[in-house]
Amino acid sequence: MLTLRCKICLETMSEKDTPMATQCGHIYCLDCATFHFSAADPFCAVCRAPQSLENLVRLYPDTNEGSTQGDASDMVEGEQEQLSSSPVSVKSIERAGQEAMDTVKKAIAGREDMEDALLACNTFVNSVTPRERAHINTDLLRDIAFQLTLVQTVLKDNQEEVTRLQNEVEQARAAENKARAQVEQQRRRLRRAEKEQLKMAQELEAQQERYQLISQQCIVATEDASRQRLRAAKAENALEEMDEELRKWRESATKNHKKYYALKNEMKLLKQAANGGSRRGHARNGSDELEVV
């Protein structure tokens, strides 16, 4: 009797354990194969060769060939009449099942849509009548069940991935809301800065207008100061001329004053002389008076 042992759990397998083999020839039980080769970038646990769920091969160990063939022949002979009355042949049903299983494998590998694969399996299951179900190859049904188990694992992984992505999306939305709040705050600050800038620009324009007005006033004041300096220079010249003329008048007055006193003294002398001559004339001529010219 052939003994098969899983390379991961090291348990001895029977037909019910569904032994699976890799392309490199190493054997695993269904549970270990499903868990190990459904991870990202799967590889053989023994030789580390790259493997995938789609490339796994199911093994069918034959421990009692004679009894199996006898049971199969009896079953075929007993139900041959029932199969002949079936509207759909067993081969066509098995072909549909094989196509459904291939579709599931492609969906697991990412080459087909998972909904289409599940729809193909559902169509296959619904197309099999209870009378035909007993005559379909059980290995095919086990393979389909195995592939559906893998689909369940993939969907579970996808659900975990979806949950992780949803969490990341929520975090991204929270970060986006925070960033939007910061952007709105920056926009409010920018608007306030623009208002302040506009106010400062208006004040600067007013200052420039006042500066221009003061500049014009300074120009006018400078012109007035120039005219005032000219007038002051003229007045200073006139004052100097008046001082010169006053000096001349003072000199003239001094000379005239001297002449006045000289004439006064001379008149005094003349009067004295005239008074002395008058007395002598009276003595000579009686009532004759001295006439001063």
note = Closest heavy-atom pair, Ser52 versus Pro42, reported as atoms and distance to 0.1 Å, is CA-CG, 4.1 Å
query = So does Gln207 have more than 12 non-hydrogen atoms from other groups sitting under 6.0 Å from CD?
reply = yes
key: Lys259 side chain reached by Asn256 side chain, heavy atoms, under 4.5 Å   = yes
message = Donor-acceptor pair, distance only, cut-off 3.5 Å: does the side chain of His36 make one with the backbone of Cys44?
response = no
ask   = Do side-chain atoms of Thr163 reach the backbone of Gln159 as a donor and acceptor pair under 3.5 angstrom?
value = yes
Polar side-chain atom of Asn55 near backbone of Gln51 as donor-acceptor pair, under 3.5 Å = no
Heavy-atom pair of closest approach, residues Cys29 and Cys6 = N-SG, 3.3 Å
ask   = Can a salt bridge be assigned to the pair Glu160 and Arg164 using a cut-off of 4.0 Å between side-chain N and carboxylate O?
value = no
key: Pairwise distance CD1(Ile108) to OG1(Thr103) - rounded to 0.5 angstrom   = 11.0 Å
message = For Tyr28, run the side-chain contact (heavy atoms from CB on, under 4.5 Å) check against Leu56, Thr34, Ile8 and tell me which one passes.
response = Ile8
request  = Grab the two heavy atoms, one from His26 and one from Val46, that are nearest each other, plus how far apart they are.
outcome  = NE2-CG1, 3.3 Å
request  = Please round to the nearest 0.5 Å and tell me the distance separating atom CD of Glu241 and atom NZ of Lys248.
outcome  = 10.0 Å
Min side-chain heavy-atom separation Phe37-Met20 under 4.5 Å = no
request  = With rounding to the nearest 0.5 Å, note down the distance linking CD1 in Ile219 to CD in Gln212.
outcome  = 10.5 Å
key: Distance, nearest 0.5 Å, that separates CD of Glu244 from CG of Asn237   = 13.0 Å
key: Beyond-backbone contact of Lys105 with Leu53, side-chain heavy atoms, under 4.5 angstrom   = no
task = Check whether any side-chain heavy atom of Ser38 sits under 4.5 Å from a side-chain heavy atom of Leu150, and report yes or no.
result = no
task = Would you sort out whether Lys255 and Glu251 count as a salt bridge (charged side-chain N to carboxylate O under 4.0 Å, His left out), showing the intermediate values?
result = CA-CA 6 Å; Lys255 292 178 179 181; Glu251 292 178 355; 5.6 Å; no
query = Counting heavy atoms not belonging to Arg187, are there more than 12 under 6.0 Å from its CZ?
reply = no
ask   = Roughly how far, to the nearest 0.5 Å, is the CH2 atom of Trp249 from the CD atom of Glu245?
value = 7.0 Å
query = Considering residues, nucleotides and ligands other than Arg250, do more than 12 of their heavy atoms fall under 6.0 Å from its CZ?
reply = no
ask   = Quick one: do Arg191 and Glu184 make a salt bridge, cutoff under 4.0 Å?
value = yes
Glu205, CD atom: more than 12 neighbouring heavy atoms under 6.0 Å = no
message = Is it the case that atom CZ in Arg173 sees more than 12 heavy atoms from other parts of the structure closer than 6.0 Å?
response = no
request  = Kindly determine whether Leu204 and Met200 satisfy side-chain contact (heavy atoms from CB on, under 4.5 Å), including the steps that lead there.
outcome  = CA-CA 6 Å; Leu204 179 60; Met200 293 179 64; over 6 Å; no
query = So Gln185 and Arg188, side-chain contact (heavy atoms from CB on, under 4.5 Å) or not? Walk me through it.
reply = CA-CA 5 Å; Gln185 185 178 4; Arg188 289 195 296 268; 3.9 Å; yes
From Glu170 atom CD to Glu168 atom CD, the distance as rounded to the nearest 0.5 Å = 11.0 Å
message = For the CG atom on Asp41, are there more than 12 heavy atoms of other groups (residues, nucleotides or ligands in this structure) within a distance under 6.0 Å?
response = no
message = If the threshold is 4.0 Å, N to carboxylate O, is there a salt bridge linking Arg192 and Glu196?
response = no
